[in-house]
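All heavy atoms count here, side chains included; hydrogens, waters and symmetry mates do not. Residue numbers start from 1 in every chain, and the chains themselves are labelled A, B, ... in the order their sequence lines are given, proteins ahead of strands.
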Amino acid sequence: MRTLALIKRILLQIVRDKRTLALLFIAPLLILTLMNLVFNGKTVEPALGVENGSPQLIESLKESEIIVHEYEDISDVEKAILKDNLTGFLQIEGTETKLTLLNDDPTAAKSIEMKVKQVISKELQLQVMGMKPNNDSIQTNYIYGSKDTQLFDTFSPILIGFFVFFFVFLISGIGLLNERTTGTLERLMATPIRRGEIVAAYLIGYGLLAIIQTIIVVLFSINILDINLVGSFWNVILINIVVAIVALSLGILLSSFASSEFQMVQFIPLVIVPQIFFSGIFSIEGMADWLQVLAKIMPLYYAANALKGVMYKGLSLSEISYNLYVLLAFAFVFIILNLFALKRYRKL
Amino acid sequence: MNQAISIQNVNKSFGKKNVLKDIKFEIMEGKIYGFIGPSGAGKTTLIKMIVGMDIPDTGSIYLLGEKMPNLNVLQQIGYMAQSDALYKELTGKENLMFFASLYQLNKKERKNRIEYAAKLVNLTADLNKKVSAYSGGMRRRLSLAIALIQNPKILILDEPTVGIDPELKLSIWNELLRLKNEEGKTIIVTTHVMDEADKCDVISMVREGSLIATGTPEQLKEKYSAQSLDEVFLAAGRKDQ
Ligand SMILES: Nc1ncnc2c1ncn2[C@@H]1O[C@H](COP(=O)(O)OP(=O)(O)OP(=O)(O)O)[C@@H](O)[C@H]1O
Ligand SMILES: [Mg+2]
């Protein structure tokens with residue numbers, strides 16, 4: 001079994017290389033933890049300056065989680081906002097209402113604007129109809145997730161797929177590249193090994209590492225980071241293994257077009273970064289039509305669909321199987337191309 | 001005596017540069033053949049083609065009666081490249097072990113052959129060191145040990161003794177001669193050292209991609225009326241210009 005000998009050697013080399021092992025197994029955990037902390041940061045309650053507000057209005061504002069600072073006879077609103085670190089300033093003169101926003105952070109500005117408008121329209125309703133509107137008149141139901149869903153809950157499945165893809169791509173690509181630059185790949189061609197056996201050994205050897213990595217990343221995300229997992233754990237592992245195979249075959253394929261590690265790294269902005277844009281972190285439906293078509297040729301688009309489907313929406317394997325088939329088709333094409341890429345050494 | 005290798009009208013170009021020009025050559029079993037010639041003459045290119053790592057543009061190469069590249073024939077070829085291609089993260093023993101498994105030796109054969117090859121190149125004591133900790137000469141020796149690992153019928157060695165001290169060089173040459181005489185192996189070496197060339201049964205001079213002279217060391221000396229192969233080398237160069 002020549003393939004077996006090659007697999008053994010690949011694993012031995014990786015085990016000897018502690019840095020690479022750390023990159024493969026620990027780096028994704030660090031980044032996921034960091035992103036979790038960043039995205040799950042508590043939202044700060046915005047501060048609003050109010051001039052001439054009725055006690056009723058101020059009470060309502062406070063109820064909508066706004067910190068209210070009351071002012072009297074303000075001549076320079078801008079100065080007050082800057083001095084007291086306010087997000088906005090509300091002035092009421094009879095029926096006229098004027099809202100001044102700091103707008104250094106558009107999201108914060110939009111959110112306080114919406115809250116203030118809501119409160120004021122409620123107040124108007126109260127004045128006109130003379131009754132207290134029912135705060136709980138709207139009941140919200142969620143198809144996926146709950147009212148506690150955080151942005152990170154929808155991101156995290158995509159991130160898991162991304163990390164598996166990225167690290168496996170890089171490490172397997174550089175692995176075969178090293179074999180090429182040190183001349184050992186050429187040396188192998190003087191032994192009775194077949195090209196197919198080399199490709200198979202790389203797929204299996206790095207595939208094993210990818211499986212271990214996937215299990216560590218998924219277990220860590222679910223148990224330690226408390227990321228939502230609605231569907232089956234095993235389906236998540238299965239999807240990630242398929243993702244890893246695509247990344248592997250693409251990595252070793254592109255390594256034949258690189259003549260140094262530096263050139264391999266140059267593929268990251270070309271091959272990896274665009275995939276992030278189309279993985280669903282940004283809304284794909286909002287993109288131009290031709291961009292949406294582009295998304296369909298990105299393996300990570302399908303990986304993200306499948307992972308989000310299982311982890312967040314709780315879909316079953318059959319409901320996401322289309323994505324898996326497309327991923328497998330990608331892998332198949334890359335593997336065939338790999339066999340051709342090795343042909344420059346020997347026909348057999 | 002049987003033919004081990006037959007090279008038929010081989011041409012090879014890299015880009016516009018014609019590196020091998022219409023090479024025709026036969027190599028008999030059980031002899032040592034030496035390729036000599038200036039740097040860049042095309043010796044390594046020719047050797048890579050014999051091993052089947054590279055494909056001639058035109059012409060063909062037969063080893064043991066089979067057209068190259070051929071995986072079964074590769075089992076019978078021990079190859080040592082001019083530049084060492086070793087796995088530096090692994091120990092010498094692991095390197096030998098890996099290549100032994102590629103040739104599908106069984107456990108017992110593996111053990112015996114590793115012992116033999118390591119002893120021949122005087123690496124037995126350093127087998128458990130990582131190759132990254134080897135000196136240049138030690139790496140060369142490990143490459144030679146790998147070439148011998150599967151007890152091949154044909155040995156193809158590209159400048160095997162560069163960086164190896166005279167004492168070890170002598171013992172390696174004695175072993176090569178023994179392999180030829182006792183085990184009937186066919187050996188091809190390239191070299192820049194003329195007293196090594198003197199030990200070959202047949203020498204071929206390569207110059208700018210052509211074989212300009214072939215014969216026993218004595219025949220070549222006679223042809224160029226020279227005392228030593230060094231003089232032959234220089235005379236051939238002069239005549240060529
Ligand atoms: N992969 C390649 N691409 C382009 N040119 C090459 C390649 N390999 C060899 N050459 C060219 O072919 C010629 C012959 O090279 P080769 O390595 O066969 O020389 P050599 O006789 O082995 O020399 P040396 O004694 O220095 O080892 C050289 O001019 C070299 O530049
Ligand atoms: Mg050479």
Quick one: pull up [atom1] in [X] and [atom2] in [Y] and give me the separation to the nearest 0.5 Å.
{"X": "A:Thr3", "Y": "B:Leu102", "atom1": "OG1", "atom2": "CG", "result": "9.5 Å"}
{"X": "B:Gln104", "Y": "A:Met1", "atom1": "CD", "atom2": "CE", "result": "9.0 Å"}
{"X": "A:Gln13", "Y": "B:Glu89", "atom1": "CD", "atom2": "CD", "result": "4.5 Å"}
{"X": "A:Ile10", "Y": "B:Phe98", "atom1": "CD1", "atom2": "CZ", "result": "8.0 Å"}
{"X": "A:Arg16", "Y": "B:Leu90", "atom1": "CZ", "atom2": "CG", "result": "6.0 Å"}

**OP:** Just do the side-chain contact (heavy atoms from CB on, under 4.5 Å) check on B:Tyr79 and A:Thr191 with the steps written out, would you?
**Re:** CA-CA 9 Å; B:Tyr79 169 64; A:Thr191 72; over 6 Å; no
Original post:
Can a cation-pi geometry be assigned to A:Arg187 and B:Phe99, taking NZ or CZ under 6.0 Å from the six-membered ring centre and within 45° of the ring axis?
Top reply: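 Yes; both conditions hold, so A:Arg187 lies above the ring face of B:Phe99.
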Verify the neighbour count for atom [atom1] of [X]: are there more than 12 heavy atoms of other residues, nucleotides or ligands below 6.0 Å?
{"X": "B:Lys153", "atom1": "NZ", "answer": "no"}
{"X": "B:Tyr116", "atom1": "OH", "answer": "yes"}
{"X": "B:Lys199", "atom1": "NZ", "answer": "yes"}
{"X": "A:Phe233", "atom1": "CZ", "answer": "yes"}
{"X": "B:Phe14", "atom1": "CZ", "answer": "yes"}

**OP:** Using the salt bridge (Lys or Arg N to Asp or Glu O under 4.0 Å) rule, take B:Glu94 and A:Arg9 through it: C-alpha gap first, then chi angles, then the decisive distance, then the call.
**Re:** CA-CA 8 Å; B:Glu94 285 162 346; A:Arg9 195 215 76 213; over 6 Å; no
Subject >> A:Leu6, part contacting chain B, at a heavy-atom distance under 4.5 Å >> reply: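 Both backbone and side chain of A:Leu6 come within 4.5 Å of chain B.
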Subject >> A:Glu179, part contacting chain B, at a heavy-atom distance under 4.5 Å >> reply: side chain
Original post:
Contact part of B:Ile156 toward chain A, heavy-atom cut-off under 4.5 Å: side chain, backbone, both or neither?
Top reply: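 Neither part.
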Original post:
Can you say whether B:Asn95 sits under 4.5 Å from chain A via the side chain, the backbone, both, or neither, judging by heavy atoms?
Top reply: neither
Original post:
Can you list the steps and then say if B:Lys48 with A:Glu186 is a side-chain contact (heavy atoms from CB on, under 4.5 Å)?
Top reply: CA-CA 10 Å; B:Lys48 279 187 182 168; A:Glu186 197 184 28; 3.2 Å; yes
Subject >> Top contributor to chain B contacts, counting heavy-atom pairs under 4.5 Å, from A:Asn178, A:Thr182, A:Leu12, A:Leu4 >> reply: A:Leu12
Original post:
Closest approach of A:Thr184 and B:Ala85, non-hydrogen atoms and distance?
Top reply: CG2-C, 3.5 Å
